Amino acid sequence: MLFLTSQRTKRIPTHNREEAGELLWDMTAVAEHASFLTAHLLPEALGTLLSNPKTPDRLREIALGSLANLMCHPAVGLALCAHSQNTLS
């Protein structure tokens with residue numbers, strides 16, 4: 001069993017993280033959930049996962065799928081684009 005470690009968490013089995021990520025991935029398919037998760041910084045958390053070279057491939061897949069789902073909702077997609085433009089300015 002593969003474990004991921006960080007200074008902020010105890011050792012958590014990767015399969016538990018995968019299950020949690022899959023739940024989030026499913027939730028991002030629903031517009032109301034996607035708006036809530038976006039307001040609570042899910043895109044930033046997913047970006048952190050994607051930018052970490054130690055993130056396992058399966059968790060990268062989940063992060064990318066979640067971001068793709070978020071972008072499928074017009075209001076969420078526009079909010080994310082506006083946020084990224086403000087960040088770049």
Side-chain angles (χ1 to χ4, degrees):
M1 181 180 315
L2 178 65
F3 284 85
L4 297 177
T5 59
S6 78
Q7 295 174 356
R8 297 171 57 189
T9 61
K10 295 180 181 179
R11 291 168 52 126
I12 300 172
T14 301
H15 70 275
N16 288 351
R17 289 184 182 205
E18 285 182 25
E19 289 175 9
E22 289 167 357
L23 176 62
L24 281 175
W25 192 354
D26 290 343
M27 290 174 66
T28 59
V30 178
E32 293 81 14
H33 297 163
S35 294
F36 176 84
L37 293 168
T38 299
H40 288 85
L41 305 177
L42 179 63
E44 287 83 351
L46 296 174
T48 300
L49 272 176
L50 292 170
S51 65
N52 183 345
K54 294 182 180 181
T55 300
D57 289 342
R58 177 64 179 148
L59 293 181
R60 285 183 189 283
E61 177 187 1
I62 291 168
L64 285 171
S66 297
L67 285 173
N69 280 354
L70 291 175
M71 294 303 293
C72 288
H73 305 292
V76 174
L78 289 172
L80 288 175
C81 289
H83 175 73
S84 67
Q85 286 179 346
N86 291 338
T87 304
L88 295 175
S89 300

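Reckoned from all heavy atoms, side chains included, excluding hydrogens, waters and symmetry mates. We're numbering straight along the sequence, starting at 1. Please read all numbers here as calculations on a predicted model, not as lab measurements.
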In this structure, would Phe36 and Val76 fall into the same cluster of hydrophobic residues linked by side-chain contacts under 4.5 Å? yes
Any chance you could measure Leu46, atom CG, to Leu70, atom CG, to the nearest 0.5 Å? 7.0 Å
For the hydrophobic clusters of this structure (ILVMFWY residues joined by side-chain heavy atoms under 4.5 Å, transitively), does one cluster hold both Met27 and Leu64? yes
Can you tell me how far the CG atom of Leu50 sits from the CD1 atom of Ile62, to the nearest 0.5 Å? 11.0 Å
If the threshold is 4.0 Å, N to carboxylate O, is there a salt bridge linking Glu22 and Arg58? yes
Determine the minimum heavy-atom distance between Ser66 and Trp25, stating which atoms define it. OG-CA, 3.4 Å
Just how far is it from atom OG1 of Thr38 to atom CG of Leu67, taken to the nearest 0.5 Å? 9.0 Å
Considering all heavy atoms of both residues, which atom of His73 and which atom of Ala29 are nearest to each other, and what is their separation? CE1-O, 3.2 Å
Which value, rounded to the nearest 0.5 Å, describes the distance between Leu49 atom CG and Arg60 atom CZ? 8.5 Å
Without swapping roles, check the side chain of Thr55 against the backbone of Ser51 for a donor-acceptor pair under 3.5 Å. no
Separation of Leu23 CG from His33 NE2 (nearest 0.5 Å): 9.5 Å
To the nearest 0.5 Å, what is the distance between CG (Asn69) and CG (Leu37)? 11.0 Å
